[in-house]
Q: 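Submitted below is the structure of interest, expressed as structure tokens.
Hydrogens, waters and symmetry mates are skipped; everything else that's a heavy atom, side chains included, is used. Since the structure is predicted, the reported quantities are computational estimates derived from the model, not experimental observations. Remember, it's 1-based here, ligands and their atoms both numbered in the order they're listed.
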Amino acid sequence: MTPKSEALLTGLKSQDPRSIGRAITAVENNNEEAAAILAELDQDLIDNVLVLGITGPPGAGKSTLTASLISTMRDQGQRVGIIAVDPSSPISGGAILGDRIRMMDHALDEDVVVRSMATRGRLGGLCASAGATVRIMAASGCEVILIETVGVGQSEMDIVRLADITLMVLAPGFGDDIQAMKAGLLEVADFLVVNKSDLAGAEALCMDMEQIFSAKQEESGIKRVIQTIARDNKGINALYDTVNKFADFISSRGIKQQRRDKALDAETLDWILEMLRPKFIQAMKEATGKADPRVRAQELINTLISIH
Ligand SMILES: Nc1nc2c(ncn2[C@@H]2O[C@H](COP(=O)(O)OP(=O)(O)OP(=O)(O)O)[C@@H](O)[C@H]2O)c(=O)[nH]1
Ligand SMILES: [Mg+2]
């Protein structure tokens with residue numbers, strides 16, 4: 001362990017915002033410091049953190065809901081981490097800017113740790129770096145971590161799988177988006193949040209969703225379709241209470257552990273690919289054969305890795 005990584009580790013454990021930010025950047029750059037820091041994080045804190053995935057179509061109110069949930073969590077004295085996964089390019093930055101403005105309410109609060117990540121313009125490793133960011137935030141004392149993604153692309157969905165509990169946010173007037181997602185809703189979401197319940201069509205959407213979620217609801221005895229008006233902070237406390245009840249339910253049944261185990265496998269695989277990529281890029285430069293790509297890939301694997 002270098003003196004620099006030692007200092008970062010001490011800093012993040014004492015909740016110093018700059019050290020936390022630098023540690024996450026080290027992970028994103030996957031340098032030596034990152035490995036040293038990640039090996040020394042407090043596993044109990046990581047085991048006990050609650051990771052909530054918040055997803056749904058663009059404009060459903062995810063960021064408004066997230067900001068409102070943070071207020072409730074802060075009222076309860078919880079330290080909160082937020083990972084905002086931004087599908088737009090880092091250059092245009094539109095969505096990030098929007099999210100940042102909404103986070104301004106919490107900008108001066110040192111017990112709210114915010115990090116944005118772009119999905120575009122990178123060659124994978126998103127699951128690995130989001131997972132490592134969760135760990136760093138947890139090790140810095142965050143008790144709850146919210147991951148906000150726009151639920152459209154596969155990479156966003158993969159990140160949601162890092163969550164212990166996933167909330168899908170929908171709103172009236174998203175008919176086409178909802179039809180497109182319907183098949184995957186049950187698989188992905190633990191909770192269906194019908195936001196913008198001040199708008200016409202909310203009741204009908206709720207009834208529709210309750211039908212889809214009725215079996216899940218019966219299984220745990222916990223309501224799975226919840227109405228909110230995030231813009232006015234309405235329904236947020238009830239949502240918070242219900243999610244916490246569900247968190248106890250999945251912990252006591254061993255479901256949280258099962259989900260963590262799966263996430264760990266996905267992250268490990270992501271790290272493996274991340275670590276191998278530069279080695280294979282180098283090998284390709286050296287072996288410029290004209291073979292079919294499938295054949296060439298096998299040859300390179302045989303050369304670089306001995307699997308018997
Ligand atoms: N009527 C009404 N509008 C809301 C409510 N919640 C959020 N909005 C508005 O809906 C718009 C989109 O909200 P966001 O929170 O940015 O939605 P988002 O899902 O984070 O959007 P993206 O990050 O772009 O995918 C904003 O203009 C909000 O003010 C609500 O409960 N009722
Ligand atoms: Mg948003």
Q: For ligand 1, which atoms sit closer than 4.0 Å to a heavy atom of Asp198?
A: 1 (N), 2 (C), 30 (C), 31 (O), 32 (N)
Q: Mind checking what makes ring pair (Phe, Tyr, Trp, His ring centres under 6.0 Å) contact with Phe191, not counting sequence neighbours?
A: Phe246
Q: Should Leu300 and Ile272 be counted in the same cluster of Ile, Leu, Val, Met, Phe, Trp and Tyr side chains packed under 4.5 Å apart?
A: yes
Q: In terms of side-chain heavy atoms, does Ser129 have a donor or acceptor partner in Arg115 at a distance below 3.5 Å?
A: no
Q: Can Asp109 and Arg74 be counted as an ion pair, charged N to O under 4.0 angstrom?
A: yes
Q: May I ask you to check if ligand 1 and Gly59 share an N or O to N or O distance below 3.5 Å?
A: yes
Q: Quick one: which ligand 1 atoms are inside 4.0 Å of a heavy atom on Pro58?
A: 25 (O)
Q: Is ligand 1 under 4.0 Å from a heavy atom in the side chain of Glu148, in the backbone, in both, or in neither?
A: side chain
Q: Name of the Glu148 N, O or S atom nearest the Mg ion (ligand 2)?
A: OE2
Q: For ligand 1 and Ala230, I'd like to know whether there is a polar contact (N/O to N/O, distance under 3.5 Å).
A: yes
Q: For Ile229 and ligand 1, does the shortest N/O to N/O distance drop below 3.5 Å?
A: no
Q: Report yes or no: do Ser197 and Gln227 form a side-chain donor-acceptor pair below 3.5 Å?
A: yes
Q: Please report whether ligand 1 has a polar contact with Thr228, defined as an N or O pair separated by less than 3.5 Å (distance criterion only).
A: no
Q: Does an N or O from Asn195, backbone or side chain, lie closer than 3.5 Å to an N or O of ligand 1?
A: yes
Q: Do the side-chain N and O atoms of Asp190 and Thr166 include a donor-acceptor pair separated by under 3.5 angstrom?
A: no
Q: If you count the atoms of ligand 1 from 1 in the order shown, which ones are under 4.0 Å from a heavy atom of Ser63?
A: 15 (O), 18 (P), 20 (O), 23 (O)
Q: Give me each pair satisfying salt bridge (Lys or Arg N to Asp or Glu O under 4.0 Å) with a member in residues 226-237, each pair once, sequence neighbours excluded.
A: Asp198-Arg231
Q: The Mg ion (ligand 2) and Thr64: any N/O/S contact shorter than 2.8 Å?
A: no
Q: Just by distance, no angles: are the side chains of Glu148 and Ser63 close enough, under 3.5 Å, to form a donor-acceptor pair?
A: yes
